[in-house]
Number of protein chains: 2
Amino acid sequence: MLTQSEENYLKAIYSLSEDQKESISTNLLAEKMSTKPSSVTDMVKKLSDKELISYQKYQGCELTAIGKKTALQIIRKHRLWEVFLVNKLNFGWDEVHEIAEQLEHIQSAKLTDHLEEYLGYPKVDPHGDPIPDKNGIFEKINKSIALSDVNLKGKGSVVGVEDGSSGFFQFLKRYEIGLGTEIQVMEKFDFDLSVLVLINGKEISFSSVVANKIFIQVK
Amino acid sequence: MLTQSEENYLKAIYSLSEDQKESISTNLLAEKMSTKPSSVTDMVKKLSDKELISYQKYQGCELTAIGKKTALQIIRKHRLWEVFLVNKLNFGWDEVHEIAEQLEHIQSAKLTDHLEEYLGYPKVDPHGDPIPDKNGIFEKINKSIALSDVNLKGKGSVVGVEDGSSGFFQFLKRYEIGLGTEIQVMEKFDFDLSVLVLINGKEISFSSVVANKIFIQVK
DNA sequence: GTTAATTTTTAGACAAGTCTAAAAATTAAC
DNA sequence: GTTAATTTTTAGACTTGTCTAAAAATTAAC
Ligand SMILES: [Mn+2]
Ligand SMILES: [Mn+2]
Ligand SMILES: [Mn+2]
Ligand SMILES: [Mn+2]
């Protein structure tokens, strides 16, 4: 049986592995877990002992098959509880994450399966993320996300915008952006949340206002 | 914010206080928590520092007003989750306690209140125990329980039996037991689960078979 | 009212999970 | 290809919750 902390680490490693295929560095994981690299080293050793991740000193870590399966079961619980909170208890989709972060650690496979049945076997959670089944299998869904939420180097094509004003459409026209336009995020600036993107071979800087309104489907 | 362990201790102290009005001894609490007296001493010091219980060395402990209120909120959550599991997820009433033992520690007053509303403001849990409202107020319910489940020194009157055979009725007649008969449990023997009870001033030993069939309402 | 039995507390230890500060390994720069 | 910057690990410490063994206080017995 795993502790809540171990489960949270597994989930974080899984999440980071979705964005990059290389092994996960200690610092990156520390950042994700909002903790210190030294704490990560301790935990990574423990998870490695339990054969949930493979780990070599100074080489970062990676989920093993068992580790990945375990992570997916926690994610399954997290997302099913989110569906419950939104669909049955009338929570908003923006206020369920914290609670699901706790509920995902409840230990009872029977509870998870009954909950899934009760909810009518939902395929996605309130944020559009896919829900793995009891074997960890799920449909890969190409979610559309705002440019501001795209990871560094993330690439995709425009599938929508969230502003119908003529001013905004003029802005899009000026930069030759329309449905299907290929965009890649080259840099993200924390100080003003602006992004530097690559469109048709040209580098353009978008303010956070704009980055929040353009939605792309990541490849 | 309290740890799960602190919450479980508070609940245990509350539960023991229901059976006796004197302060709760270290050994009794250790027994209830399935732990060692020395561990209890450590914990009561901590809870006392937080002013959730009053505690004097060698004198046992007692819940303060705040401690009692806190305990009742945890019990409220425990019982609401039990109702959810039985009424919505089709669990049997005998398989929900363990899971509720985990769910009761989820931190979100909003979740508890939404859950209560969703369940239609139930007054009792699947075991007939009353559910406190958000202010800790609940109706005292005189549950009937089998003689085998009555606490030591527990006293009450017979409200029913769970066997309609003539043999059992003859048995009851022989000992002059009927609806309303006053019974007090004087001793309980673990080795065969028999009980020694006091009826009309006479001590009688009942086998576990009999003790399971006679239901009394505890005063 | 001493002595004995029981209860309760203290002392010291351990595992889990975290931290800071310092050392070691890796990677980047010149 | 050294030197410098960065990343990662180690060493040592702290908190929480638990344990065993021993000491102290309380209660029971004679
Ligand atoms: Mn979590
Ligand atoms: Mn989600
Ligand atoms: Mn509990
Ligand atoms: Mn119950």
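These values consider heavy atoms only, across backbone and side chains, with no hydrogens, waters or symmetry-generated copies. In the text below, chain A, chain B and the rest are named by the order of the sequence lines, each starting its count at 1.
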With the side chain defined as heavy atoms from C-beta on, B:Ser5 is closest, among D:dT18, C:dT20, D:dT10, to D:dT18
Using a 4.0 Å heavy-atom cut-off across all strands, classify B:Thr41 as base, sugar-phosphate, or nothing. base
_For a quick test of reading the model: is some side-chain N or O of B:Thr35 closer than 4.0 Å to OP1 or OP2 of D:dC19?_
yes
Contact class for A:Thr3 vs. all strands (heavy atom < 4.0 Å): base, sugar-phosphate, or nothing? sugar-phosphate
Among the nucleotides C:dT8, D:dT8, D:dT18, whichever has the atom closest to the side chain of A:Ser25 is D:dT8
* Asked: Would B:Lys88 count as a cation-pi partner of B:Tyr118, with NZ or CZ less than 6.0 Å from the six-membered ring centre and within 45° of the ring normal?
  -> yes
State whether B:Asn27 places a side-chain N or O below 4.0 Å from either non-bridging phosphate oxygen (OP1 or OP2) of C:dT8.
yes
Checking N1-N3 plus N6-O4 or O6-N4 for Watson-Crick, or N1-O2 and O6-N3 for wobble, each under 3.5 Å, the partner of C:dA5 is D:dT26
Is there a side-chain contact between B:Lys36 and the phosphate of C:dT9, meaning an N or O under 4.0 Å from OP1 or OP2?
no
Re C:dC19: Watson-Crick or G-U wobble partner, both distances kept under 3.5 Å, found to be D:dG12
The residue among A:Asp49, A:Val44, A:Leu47, A:Ile24 that forms side-chain contact (heavy atoms from CB on, under 4.5 Å) with A:Tyr55 is A:Val44
| field | B:Lys50 vs B:Glu6, salt bridge (charged side-chain N to carboxylate O under 4.0 Å, His left out): CA-CA, chis, key distance, verdict | value | CA-CA 10 Å; B:Lys50 296 191 176 185; B:Glu6 289 169 329; 2.9 Å; yes
note: B:Glu31, atom CD; C:dT6, atom C1'; distance rounded to Å ~ 15 Å
What is the nucleic acid contact for B:Thr26, judged by heavy atoms within less than 4.0 Å: base, sugar-phosphate only, or nothing? sugar-phosphate
The nucleotide from D:dT18, C:dT18, C:dT20 with an atom nearest the side chain of A:Tyr9 is C:dT18
Short side-chain N/O contact to C:dC19 OP1/OP2 from A:Ser38, under 4.0 Å: no
- request: Compare side-chain N and O positions of A:Lys57 against OP1 and OP2 of C:dT26 and report whether any pair is under 4.0 Å apart.
  value: no
Residue pair B:Pro37/A:Gln59 against DNA chain C: nearer the 5' end by closest nucleotide is B:Pro37
Testing C:dT18, D:dC19, C:dT26 for proximity to the side chain of A:Tyr58, the answer is C:dT26
